[in-house]
Amino acid sequence: MNVNPITIAPVFPVWLIILFFGLALAQTAAQCVKNWAKLGSRRTLVVSLLRCTAIVVLVIFALNPSVVTRNEHRISPAIAIIVDTSESMGQSAAGGKASRLAEAKALLMEGDSPLLASLSEKYEVHVYGLADLLRPLESGDVARLEAAGRKGDVSGALSAISDRNAVAVLLSDGSVKWDESAAPMLPTVTVPFGDPETYQDILIKEISAPVIAFRDREVTIDVTLKSYGYTDLTLPVLLKDSGRLLSAKDIRVQADPGESTVALSFVPSEVGQKNLSISIPQQVGERIDDNNQVSLSIKVVRDKTRILMVSGNPSMNYRFMRTALKSDPSIDLLSFVILRTPSDILNVRSYEQSLIPFPVKTLFLTELTNFDLLIFDNFNYALYLRPEHLESIRAFVEGGGSFAMVGGPNLFDEGRYGLSPIGEILPVQFASGEFYRRDPPVRVRLSPAGARHPILHSGGEYQEGDRDPGLLWQEMSPLDGVNLMEAKKSATVLLETAQGIPWPVLTVSEKGKGRVLALTTDYAWKWYMGMVANGKGNQHYLMLIHRMVRWLTKDPGLELVQMILPETTVSTGRETEVRIRYQAGVPSQTSDAAVSFSVFDPQGVKIDSALKPAAQPGEHIVSFFPQNGGIFRIKVETPVGELEESMVVAGPLAGLDAGPDHDRLQKISTSTGGKYIPREADLAKEIEQFARKAEKRFIEEKRVPIWATAFVMALVLALLSSEWYLRRRWGLI
Amino acid sequence: MISRRKFLSMVVGFMGGWISSWSKPALGSLFPHFFFAQLKYRGGEWDPNPLFAEAIVEELELRTSIDARKERRIMQLSDRDLFFCPFLYMAGRYEFEPFTQQEREVLRRFLTYGGFLFAEDTVGAKGFGFDRSFRREMREVLPGYEMKRLSSEHSVYQSFYLIGSFGGRQRVNPYLEGVTIDSWTPVIYSQNDLSGAWSRDRFGKWLHACVPGGEPQRKAAFKMGINIIVYSLTSDYKRDVIHHPFIKRRQNL
């Protein structure tokens with residue numbers, strides 16, 4: 001017989017109840033003695049009994065007794081089944097049959113007793129797919145699962161589902177990310193797929209390379225290879241630049257599986273974007289070929305801007321320009337000043353003068369490509385340079401170098417420059433028979449193009465940056481001499497004379513891969529001293545020269561428009577977004593103007609892309625879907641300039657490490673308190689054992705008060721009323 | 001045998017050509033690439049050698065590629081055009097009145113922002129006369145910078161000629177002095193009276209004898225003058241890596 005326990009919960013302190021009980025009994029006893037003589041024994045006993053009963057009932061009422069009932073309940077645990085759907089699960093399974101994912105789906109859905117169905121009968125089952133992201137699946141989704149995406153993060157996935165599930169089942173080949181310290185204690189049963197014993201592959205697992213390298217400084221790229229199924233093998237690792245071999249090293253593969261690292265190095269000789277590839281040859285029996293090659297893009301920049309300046313004679317223009325160039329520590333200046341022309345008479349022996357031979361052959365045929373910028377300052381080439389030197393200068397510019405021509409009476413040699421290879425690259429040409437004019441001094445003004453060009457558009461760099469650049473140039477000292485030139489159609493005039501015919505003073509253009517500038521005056525130094533004479537600083541002149549150099553040498557920081565590429569690795573088939581951002585200070589009507597955007601795939605074919613405005617003003621977003629891996633070229637043309645960048649898109653199998661890693665699965669199950677279960681085992685039974693351990697129980701307890709009812713109160717009242725009635729009837733009241 | 005008529009016509013032709021070469025306007029401008037701007041100050045004697053410019057500019061044009069003008073402009077520190085003068089020349093014999101604060105400020109600004117001053121004590125009396133006044137003014141104009149002897153490695157001794165001997169009308173110092181700010185020496189000072197050695201009259205006769213060295217000393221004065229002018233227009237470019245070893249080799253010959 002099961003008797004429910006009774007508990008009391010006194011409504012008053014127990015001592016008060018006992019005191020009340022004692023006093024009441026004493027009073028009843030005294031009353032009994034007193035009534036004995038008047039009523040006799042029978043009636044006295046009746047009255048006293050009634051009162052005692054009422055007192056006892058009151059005391060019990062005050063003690064508040066309850067009957068306690070307990071009911072036990074059980075909760076079936078929820079089970080999470082995580083199916084690894086990353087790219088590696090698409091590889092063939094043991095014995096070359098089906099894919100690993102197909103085997104996993106068969107395990108869940110097929111057979112006499114499909115695992116998913118048998119577990120769902122007893123438990124609440126949640127199914128998830130795991131690759132780059134963890135996504136919940138409906139039961140119908142399982143059959144349609146396909147292997148795609150990068151390695152999934154199991155520790156993150158367990159954290160995400162641990163509050164809703166008591167047990168996790170992971171179906172995977174072990175090629176997953178796992179961080180034990182970040183994983184919750186969610187018992188995880190791991191079920192392996194793939195066969196580590198028969199798997200054969202060699203892949204480039206990791207590359208450590210700088211994003212930016214400096215020209216003429218060695219760049220080292222660490223390449224880590226991983227191999228499965230091969231031992232005692234020597235492999236060449238090749239580093240190529242657009243098909244040209246830069247470096248190669250042998251690497252020894254010894255362990256199975258094993259990792260080896262090799263360092264490849266090269267010295268970039270040119271600035272710009274380097275599109276490199278690292279590859280290893282395919283081996284017999286390799287399961288995946290596409291992971292034997294990796295593309296990478298490195299931007300080569302200059303650590304110092306090297307400038308070769310040739311000045312036709314000592315002059316203020318030379319000295320102030322030299323002062324400006326020397327004031328920039330990032331500039332390495334080599335200058336030659338023609339101190340004496342062949343017509344000047346030397347009155348001392350050669351060892352008494354400091355003039356050195358002008359090494360034209362060395363400078364212009366051998367060393368020119370080691371410079372970033374060549375400046376001719378009022379220099380009459382005809383006396384010193386031969387046609388092959390001029391041809392070399394043109395090739396230097398068209399190949400990506402830069403050239404600045406600073407004016408003066410010697411500069412254009414009365415037009416003969418125009419007929420030379422240098423004339424072809426210059427942004428200006430002769431306009432009339434008069435090639436140079438002094439007097440009257442002329443002021444210059446900013447052209448509309450100059451107002452937004454990076455050379456003259458301060459972008460807030462000037463200390464007096466808020467000033468209107470147009471007003472600033474009105475304030476500049478007039479020039480005592482200018483070359484009378486006209487701009488070529490392909491050129492842009494930034495500054496022009498303000499009086500009479502607007503002769504160009506500062507003109508720029510692009511030629512081939514290089515940039516060219518013509519400052520057709522030998523009195524630009526007056527802009528320096530003029531501001532000083534007005535009590536102002538020399539920063540305008542210095543900034544002008546610095547910005548001329550930076551623009552000519554394609555300093556990315558000077559570009560008014562910048563391209564921001566995705567920070568993370570871009571994969572094929574996914575929408576890729578590139579931001580185009582204008583520097584602060586570009587007029588809004590310019591930044592809102594049409595932006596031309598072209599994306600070229602690794603084969604050089606232009607692919608579809610879409611342009612849309614970004615949330616922030618002055619920004620645009622361009623999106624496209626790369627369909628194959630490799631280096632994509634992105635070209636942007638805007639009203640204030642154009643840019644071209646390269647971006648690496650990882651192919652679907654590039655860098656794929658599909659080697660089954662069952663050790664990792666064992667580690668996952670061990671560290672979570674789960675179990676590693678081979679597929680041959682009775683999975684449902686094993687999983688149920690874990691589920692039972694995770695089964696939760698709770699006891700429901702109910703308390704039913706016995707006396708705290710109206711009936712008890714009525715009983716007390718009835719007893720006391722009866723006693724009062726009898727006492728009245730028997731004449732005691 | 002040349003005829004009298006032909007001889008006379010040749011002489012006339014030669015003279016005509018010579019005159020026309022003088023009268024041919026050089027490329028005119030308010031501020032030629034090189035000309036002398038001489039500083040006129042109060043007190044003392046600001047123009048001890050008024051005929052110094054022609055001979056040295058002739059020499060400059062003959063030996064170098066500098067586009068120079070045979071012209072001497074008289075400037076005061078209150079002239080705004082002072083800042084467009086490539087070469088400010090200052091000479092004197094005697095003590096002169098202190099510059100005003102405003103004049104000192106102008107000169108300080110001129111020198112610290114790229115201007116160049118060549119000053120000469122044509123008497124060569126150390127610690128007296130012009131020398132004392134000039135040193136006083138330099139201390140006021142460029143406080144914190146001391147006028148020092150320019151070492152033999154200084155670019156001014158290598159800017160065109162490799163200077164081995166020091167010329168001038170007199171030989172007071174076998175060196176130049178100067179105030180150097182960073183790598184640029186905006187003030188060069190001589191007490192050898194270089195301009196005295198350069199001075200000649202309209203007929204080409206030297207106005208002063210050079211003592212004690214005679215004509216070689218005058219020749220050395222011209223070399224030094226050309227070097228100072230070339231230095232004022234090229235700064236320390238002879239210190240560039242490609243020039244310096246070459247010059248050292250020549251100096252060691």
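Order of the sequence lines sets the chain letters (A, B, ...), proteins ahead of strands, with each chain counted from 1.
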request  = For salt bridge (Lys or Arg N to Asp or Glu O under 4.0 Å), just list the numbers for B:R69 and A:D480, CA-CA rounded to whole Å, side-chain angles, deciding distance to a tenth of an Å, and then say yes or no.
outcome  = CA-CA 15 Å; B:R69 182 87 68 89; A:D480 288 17; over 6 Å; no
Heavy-atom proximity to chain B below 4.5 Å, by part of [X]:
{"X": "A:N317", "answer": "neither"}
{"X": "A:T323", "answer": "neither"}
{"X": "A:S477", "answer": "side chain"}
{"X": "A:Y528", "answer": "side chain"}

So with a 6.0 Å cut-off around [atom1] of [X], is the heavy-atom count from everything else above 12?
{"X": "B:Y145", "atom1": "OH", "answer": "no"}
{"X": "B:R149", "atom1": "CZ", "answer": "no"}
{"X": "A:R386", "atom1": "CZ", "answer": "no"}

message = Treating A:R319 as the side-chain partner and B:G114 as the backbone partner, does any N or O pair qualify as donor plus acceptor under 3.5 Å?
response =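 Side chain of A:R319 to backbone of B:G114, a donor-acceptor pair under 3.5 Å: yes, one is there.
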request  = For the pair B:T64 (side chain) and A:R340 (backbone), establish whether a donor and an acceptor sit closer than 3.5 Å, ignoring hydrogens and angles.
outcome  = no
Rounded to the nearest 0.5 Å, how far apart are [atom1] of [X] and [atom2] of [Y]?
{"X": "A:Q353", "Y": "B:F160", "atom1": "CD", "atom2": "CZ", "value": "6.5 Å"}
{"X": "B:S235", "Y": "A:K326", "atom1": "OG", "atom2": "NZ", "value": "9.0 Å"}
{"X": "A:N410", "Y": "B:D67", "atom1": "CG", "atom2": "CG", "value": "7.5 Å"}
{"X": "B:T234", "Y": "A:Y318", "atom1": "OG1", "atom2": "OH", "value": "6.5 Å"}
{"X": "B:S65", "Y": "A:N380", "atom1": "OG", "atom2": "CG", "value": "11.5 Å"}
{"X": "A:M529", "Y": "B:D81", "atom1": "CE", "atom2": "CG", "value": "12.0 Å"}

So which part of [X] gets closer than 4.5 Å to some heavy atom of chain A, the side chain, the backbone, both or neither?
{"X": "B:E105", "value": "neither"}
{"X": "B:S232", "value": "backbone"}
{"X": "B:Y237", "value": "both"}
{"X": "B:D236", "value": "both"}
{"X": "B:F110", "value": "both"}

remark   = Max heavy-atom pairs within cutoff under 4.5 Å with chain B, candidates A:I338, A:L339, A:L333, goes to A:L339
ask   = Of the listed residues (A:I356, A:N313, A:D522, A:T341), which shares the most heavy-atom pairs with chain B below a 4.5 Å separation?
value = A:I356
message = Which heavy atom of B:F84 sits nearest to which heavy atom of A:W525, and what is that distance?
response =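 What the structure gives for the nearest pair is O-CH2, 3.3 Å.
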key: For the student: nearest non-hydrogen atoms of B:Q158 and A:S354, plus distance   =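 The pair with the smallest heavy-atom distance is O-OG, 2.6 Å.
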ask   = How far apart are the C-alpha atoms of A:S315 and B:L233, what are their side-chain angles, what is the distance that settles it, and do they pass the side-chain contact (heavy atoms from CB on, under 4.5 Å) test?
value = CA-CA 5 Å; A:S315 67; B:L233 296 175; 5.6 Å; no
query = What residue, out of B:W184, B:F34, B:Y113, B:F87, has the most heavy-atom pairs lying under 4.5 Å from chain A?
reply =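 The answer is B:Y113.
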task = For the pair B:H33 and A:Y523, name the ring-plane relationship: parallel under 30°, tilted 30 to 60°, perpendicular over 60°.
result = tilted
Residue pair A:N534, B:R80: steps toward the side-chain contact (heavy atoms from CB on, under 4.5 Å) verdict = CA-CA 9 Å; A:N534 287 336; B:R80 188 183 174 280; 2.7 Å; yes
